[in-house]
There are 2 protein chains.
Amino acid sequence: MKRTILIFGGLALSLLLLFQISKYSLLSNDLEIEGILAIVAVVFLIVGIYLNKKSLHKEALGEGEIDLKKVEALELSKREYEVLMQISMGLSNKEIADKLFVTESTIKTHVSNVLIKLKAKRRTQAIQIAKELKIL
Amino acid sequence: MKRTILIFGGLALSLLLLFQISKYSLLSNDLEIEGILAIVAVVFLIVGIYLNKKSLHKEALGEGEIDLKKVEALELSKREYEVLMQISMGLSNKEIADKLFVTESTIKTHVSNVLIKLKAKRRTQAIQIAKELKIL
DNA sequence: AACACGCTCATACTAAAGTACCAAAAGCAT
DNA sequence: ATGCTTTTGGTACTTTAGTATGAGCGTGTT
């Protein structure tokens, strides 16, 4: 929001500069005024597109920030969240166990806890729920 | 793309209209010219944001179009693709069977075919691969 | 120190998932 | 009609997944 204010401030200044130019050097020529109008139009068109992309990027980042908060809200431990991510990568319990240097039993325990906390019946459902909660 | 051309045509016309207005009714007054400049700036700022959103939506739809092409490329039949989507929704074979009014045996056959065609070992991996291919 | 909590691991099951192979009915194109 | 693919269904079996329960270990809290 602060950036937006700064950007608008810059825009106002540049607009004023254009006013000055039009007043003191180009006012007598009608064609030049049309040119200035065109320039202003194009510039602000580009600025509009730029601002829109910025805001969209902020939204995307915003989704990323929500992650950890919701993970805490679900009371998922670090390890459980870690296992959940590996599940979403399509790994089996054995593969996850090897990747995290623990036994398959341990992974099964973690998976069961994840399923309970996400209120899922299967690991595939856990993936779906986690993506709905934008945790992945 | 055709829409973009139409929109730009409309913009050019409105710009010309502003020129006419400025020429025949407001040219003598400096303050009014500034006002017109401001209006043009704001209008094109809004137009820029609007166009950007449009283009982003088109990209989103574009990804959607690629879907069917890649599904065909993978030689996935309609039914197999249908099953694949239900898998990604976190449903079990039995639940998919009930939803599509067939037996679990049939779903198992479809699932096996999907796994072979997606080169996946598990249904969770199939989900991951399908999302990478932007098929879901 | 005592306690809660997270991580680890195990055993013993039950339940899904997945494989292999086969086969019949339906839809489609030549 | 004859072939080809899809869809459907079955049997039999192996492999993962998931549940239930218990237990040891380390860490931070009270």
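Every chain is numbered from 1 and lettered A, B, ... according to where its sequence line falls, protein lines coming before strand lines.
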- Item | Boundaries of the DNA chain C segment in contact with chain B, non-hydrogen, under 4.0 Å |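 The footprint of chain B covers C/dA17 to C/dT19.
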- Separation of A/K108 NZ from A/N113 CG (nearest 0.5 Å):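 Interatomic distance, A/N113 CG to A/K108 NZ, rounded to 0.5 Å: 14.0 Å.
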- Run the salt-bridge test on B/E75 and B/K117 with the 4.0 Å N-O cut-off and return the result as yes or no.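 A salt bridge is absent here (no side-chain N lies under 4.0 Å from a carboxylate O).
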Is the closest side-chain heavy-atom distance between [X] and [Y] below 4.5 Å?
X: A/V83; Y: A/N93; value: no
X: B/V114; Y: B/R123; value: no
X: B/Q125; Y: B/L115; value: no
X: B/I96; Y: B/E104; value: no
X: B/I87; Y: B/L91; value: no

- Query: How bent is the helix from C/dA1-D/dT30 to C/dT30-D/dA1, comparing axes over its five end pairs at each side, to the nearest 10°?
  - Reply: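 End axes: 50° apart.
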- Would you name the heavy atoms of B/I129 and B/A120 that are closest together and state the gap between them?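 Taking every non-hydrogen atom into account, CD1-CB, 3.9 Å.
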- Residues within residues 102-112 of chain B bordering DNA chain C, heavy-atom distance below 4.0 Å: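 Within this stretch, B/K108, B/V111, B/S112 sit under 4.0 Å of the strand.
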- Verify the contact: side-chain N or O of A/R122 to OP1 or OP2 of D/dG18, cut-off strictly under 4.0 Å; return yes or no.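 Result: no.
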- Message: I'd like to know if the side chain of B/R122 reaches the main chain of A/G90, judged simply by a donor and an acceptor atom lying under 3.5 Å from each other, with no hydrogens or angles considered.
- Response: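 Answer holds: yes.
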- Message: Just checking A/M85: does its CE atom have more than 12 heavy atoms from other residues, nucleotides or ligands closer to it than 6.0 angstrom?
- Response: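 More than 12 within 6.0 Å, yes.
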